[in-house]
Amino acid sequence: MDSSLLQPTLYTVKGIVIMDNDGNRILAKYYDRNVFPTSKEQRAFEKNLFNKTHRANAEIIMLDGLTCVYRSNVDLFFYVMGSSHENELILMSVLNCLYDSISQILRKNVEKRSVLESLDIVMLAMDEICDGGIIIDADSSSVVSRVALRTDDIPLGEQTVAQVLQSAKDQLKWSLLK
Amino acid sequence: MSSFKRDKKEEEDGGGNPFQNIEKTTVLQEARIFNENIINAKKCTHILTKILYLLNQGEQLGAKEATEVFFAMTKLFQSKDVILRRMVYLGIKELSSIADDVIIVTSSLTKDMTGKEDLYRAAAIRALCSITDVTMLQTIERYMKQAIVDKNPAVSSAALVSSLHMSKIASDVIKRWVNEAQEAVNSDNIMVQYHALGVLYHIRKSDRLAVTKLVAKLTRMSLKSHYAICMLIRIASKLLEEEETSNDSALFSFIESCLRHKSEMVIYEAAHAIVNSRRTTSRELGPAISVLQLFCGSPKPTLRFAAVRTLNQVAINHPAAVTACNLDLENLITDSNRSIATLAITTLLKTGAESSVDRLMKQIATFVSEISDEFKVVVVQAIRALALKFPRKHSVLMNFLSAMLRDEGGLEYKASIADTIITIIEDNADAKETGLAHLCEFIEDCEHTSLAVRILHLLGKEGPRTKQPSRYIRFIYNRVILENPTVRAAAVSAMAQFGALCPDLSENIQVLLARCQMDTDDEVRDRATYYSSILRQQDKSLYNNYILEPLQVSIPSLERCLKDYIQSKSDEAFNIKSVPVVAAPTEEEKQISNQKTEGMLISTGPPRPVVSREENYTEKLSAIPGIQQLGPLFKSSEIVELTESETEYVVCCIKHCFTRHLVLQFDCINTLNDQLLENVRIQLDPSEGYQIVKDIPCQKLPYNEMGTVYIILQFPDDLPNTVGTFGAVMKFVVKDCDPNTGLPDTDEGYDDEYMLEDLEVVLGDQIQRVTKMNWAASWDESANGFVEMEDTYSLSSMNTLEEAVKNIIQFLGLQPAERTDKVPEGKTTHTLLLAGLFRGGHDILVRSKLALADGVTMQLTVRSTDADIAELITSAVG
């Protein structure tokens, strides 16, 4: 029982992983040296995690001593891991921030292709959300404002017809897939 | 055509992965454009992304490659492109641990960190701190202090977080920033507040008074950040936990007030803290439980999960408190998230009354086929706990388990069911026959060799003692006909047990064994021949030693001894008595191995080999000069504390018993940071007859490091004198030293000494617990050859039989046999059977008949191969 009393520390997040719908790692960060120190162990864990989560849309699972919260969209899976006694809601807030920031960065096109196209910005966003296991920021709009967005974020009135059409198409696709 | 098809496929995949086919060498080649005079920001960003992607995929860079890339990257500081610059920071952080001479970028980063561009500053601080070491920290200290109190929240947060990271390498420097952190706690920005609290707590955590003040101040000012409040709740509950006096009402009422916070995160944290506190009474639990109950109905799976997981924990200690939520929990059984459903089931099983067991099992039956194997295992474990709690319900549970056993499932799942049935059989004599029947039926159709072997072993152990042993023979012999060699061999061993224990079956078994001697497999033939020839002798003592009792030695020790034996090339025959016997696991150890978080899925890895405590110590002790000659280690005692836990010096003792010697291991810790102790000795005042052979002092005992002093004593020849009390004083030379560096101020110290509590050497230290599978047979056999002593005692201080049994076992240090340590309810008499081994390899068997009438009366019969030992035991009691 005693061990379940949470230690007061800022080191909350043990890892953040983004995978595609085949279980391949797109980005993965592990913050605790004692949790999966080698690349091989990380891969094994990710494989296991993906197998257990890709069918059941259940949001939370406890696996190998970690509490993992997750969320998926189109062909992407987002995971945030913490220790098994961690406050699940804190982990969830990190996951939501990760998802929302990426969604804003990619203008709601949360899918593998767009993530890979803007991989640099997504990397920066992940770095702004969590640094070495400490939550830096869990507010998506502030995260987005900190990761210098490209300047092609033009208001609707100044976009060309083609651009508007494209974004309308994207929006439609997104709402259908949701 | 085919290429067109592939294109199309890639199109559907979302255009393929542009990073899919990149190679390390190519990318490192490409990275050379970083060195060009005019920097193409877009191209460089792309290449940098590729490098980071490769690293992220687990690609390893050598130190040389990393350094090359790192230096090329420093050229990119010329570019003004924001994204490129930020990617460079990321690159610096990633490569800082691999590349050499990373401090080269210190000045560039310091410039960015103090510059005007806000987008650079925060990230630059974090990158800078990742490349800084202790010596460089001095030069940037001024900037860091400024950054912590910067009005830009991102900069302030970055500085705080980085200082926390750096406290691992330079905690004293960070401690000097306490004033800045104090100021940052008052910041308006929620994240800054959170990070500042984390840093402040980290700096002050060893100073209890300061932490108390910090918490008192912050609880009054009502923090804005939810994270910070969660952190504060954790600090407060930690304080509460450490407190020795009664509940500090201010801290507790703060935590309780957080139950009414508007954020769910905070409410849950508070409820979690209350529930997990050791001191919480059931009355205080009330509000926390009702909050969790509310969460059970939430539409968010995470919230439901958190609630039900916490309730599950409560159910372990306060099952009554959770019964109020039973209705909500029953609704969760059908939850789409299987983790939640399983946790709900196990919680219900913990809280359920005997009357609701049938209903619950019905509910589980409808649900169990839908869940995966891992969750089924969790459910099976819960059923096991239930069976132990309500032994009368065994028939319902057993039926349910056997139905589960018939279903499809993997080895792990089947093994956990078989385990559960075995536990129930061992715990509950009434369930034995049905349980064995279910298991017999199961091995008829069992594809897992390891499981079949275990069950056959169990049948051999338990079967002969049932009313109708002959009915099991058929099941066992069937295995000999139908299975693979491993199972056949196990079946032969099981049959031999029947032959040895049931004289009327012996002849039939001989016939079956004779058939097995024609087997195609060597091992099966060997076993059959071995057992059949022993059974032919018709000698009870042979049966006991070679069929019924398994090998008592610990396997790793046996391996080690055999290796030594082969190397020594001695002419003498190997003496199995020289191998240390394996200690029977104590109750506590068993519990520890059972402990694990419920609802947790564990992917199976190779199980760690179980190493006995003695085996651990043997390795440590064999490094000490003078100890190796003493022979094999016989037994190590539990740790005995010789000081209060919060004194200047903390000393504990472990008693290692050898055949003729006693080694005392004193583990000392010096808790004064301004003292260095040298030449630490323990002056021992042994009781009569003991001789100190050697003492090995600890040369140096710096602050907070464990040092060990050993004393080797020779046991007195007179056995009754071996039990005694030793006075102990710790003597040492003190040198005052600088708390920060740990170096002594002067070379001269002064002598000092410290009184320790008395050390008792008891009977149990010299006895190793031994499990006797067949105690009665050993007892019968021991009638001749052993010395018997008998005496009657009245244990007036004991009020129940359970209490008496527990105390006798603990006092004598013997292992209860044939489950006689469990006293059936409502009985006024009980017979406790014990077995053990005295140092030097003398067997001890003890029968203790207990009767309850105004206290407990005990008739103790001791049999041992040595008369003195038997006398020692009878005289030690009472």
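In this text the structure is predicted, and so the values were computed from the model without any measurement.
- In this structure, the side chains of Cys230(B) and Asn87(A) come closer than 4.5 Å at one or more pairs of heavy atoms.
- Using a 4.5 Å cut-off between heavy atoms, Glu94(B) touches chain A through its side chain atoms alone.
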### Message
Would Asp139(A) and Met191(B) count as a side chain to side chain contact (heavy atoms under 4.5 Å, CB included) here? Give the steps.
### Response
CA-CA 10 Å; Asp139(A) 175 32; Met191(B) 289 321 280; over 6 Å; no
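- Side-chain N/O atoms of Asn276(B) and His85(A) include no donor and acceptor closer than 3.5 Å.
- Tyr201(B) and Pro8(A) make their closest contact through CE2-O, 3.4 Å (heavy atoms, listed as atom of the first residue, atom of the second, distance).
- Across all their heavy atoms, Tyr268(B) and Leu89(A) have their closest contact at CB-CD1, 3.7 Å.
- Across all their heavy atoms, Ile134(A) and His165(B) have their closest contact at CD1-CE1, 3.9 Å.
- Atom OG of Ser142(A) sits about 8.5 Å away from atom CD1 of Ile190(B), to the nearest 0.5 Å.
- With respect to chain A, the highest number of heavy-atom pairs below 4.5 Å among Asn56(B), Thr49(B), Leu48(B) belongs to Asn56(B).
- Comparing Met87(B), Met231(B), Arg126(B) by how many heavy-atom pairs each has under 4.5 Å with chain A, the most go to Arg126(B).
- Judged by distance alone, the side chain of Arg43(A) and the main-chain N or O of Gly58(B) form no donor-acceptor pair under 3.5 Å.
- Heavy-atom distances place both the backbone and the side chain of Tyr194(B) under 4.5 Å from chain A.
- In this structure, the portions of Leu52(B) lying under 4.5 Å from any heavy atom of chain A include both its backbone and its side chain.
- The number of heavy-atom neighbours closer than 6.0 Å to NZ of Lys168(B), taken from other residues, nucleotides and ligands shown, is above 12.
- Results of the side-chain contact (heavy atoms from CB on, under 4.5 Å) test with Glu59(A) over Leu303(B), Ile340(B), Thr302(B) single out Thr302(B) as the only residue that passes.
- For the residue pair Ser93(A) and Tyr227(B), a side-chain donor N or O sits within less than 3.5 Å of a side-chain acceptor on the partner.
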### Query
Can Met123(A) and Leu90(B) be said to form a side chain to side chain contact (heavy atoms under 4.5 Å, CB included), step by step?
CA-CA 8 Å; Met123(A) 279 178 180; Leu90(B) 267 193; 3.8 Å; yes
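- The minimum heavy-atom distance linking Arg86(B) with Arg146(A) is given by the pair NH1-O, 2.7 Å.
- The distance from the CG atom of Leu164(B) to the CG atom of Asp131(A) is 10.5 Å, given to the nearest 0.5 Å.
- Scanning residues 21-37 of chain A against chain B with a 4.5 Å non-hydrogen threshold yields Arg25(A), Ile26(A), Leu27(A), Ala28(A), Lys29(A), sorted by number.
- Heavy atoms closer than 4.5 Å to chain B are found nowhere in Ser114(A), neither backbone nor side chain.
- With a 4.5 angstrom heavy-atom cutoff, Phe45(A) does not touch chain B via any of its atoms.
- Most heavy-atom pairs under 4.5 Å with chain A: of the set Gln57(B), Glu264(B), His46(B), Gln60(B), this distinction falls to Gln57(B).
- Contacts of Gln42(A) with chain B are absent, with no heavy-atom separation under 4.5 Å from either backbone or side chain.
- A donor-acceptor pair under 3.5 Å links the side-chain atoms of His195(B) to the main chain of Ile135(A), judged by distance alone.
- Contact of Lys93(B) with chain A is made through the side chain alone, with heavy-atom distances under 4.5 Å.
- Salt bridge annotation for Glu86(A)-Arg309(B): absent, with no cationic side-chain nitrogen under 4.0 angstrom from a carboxylate oxygen.
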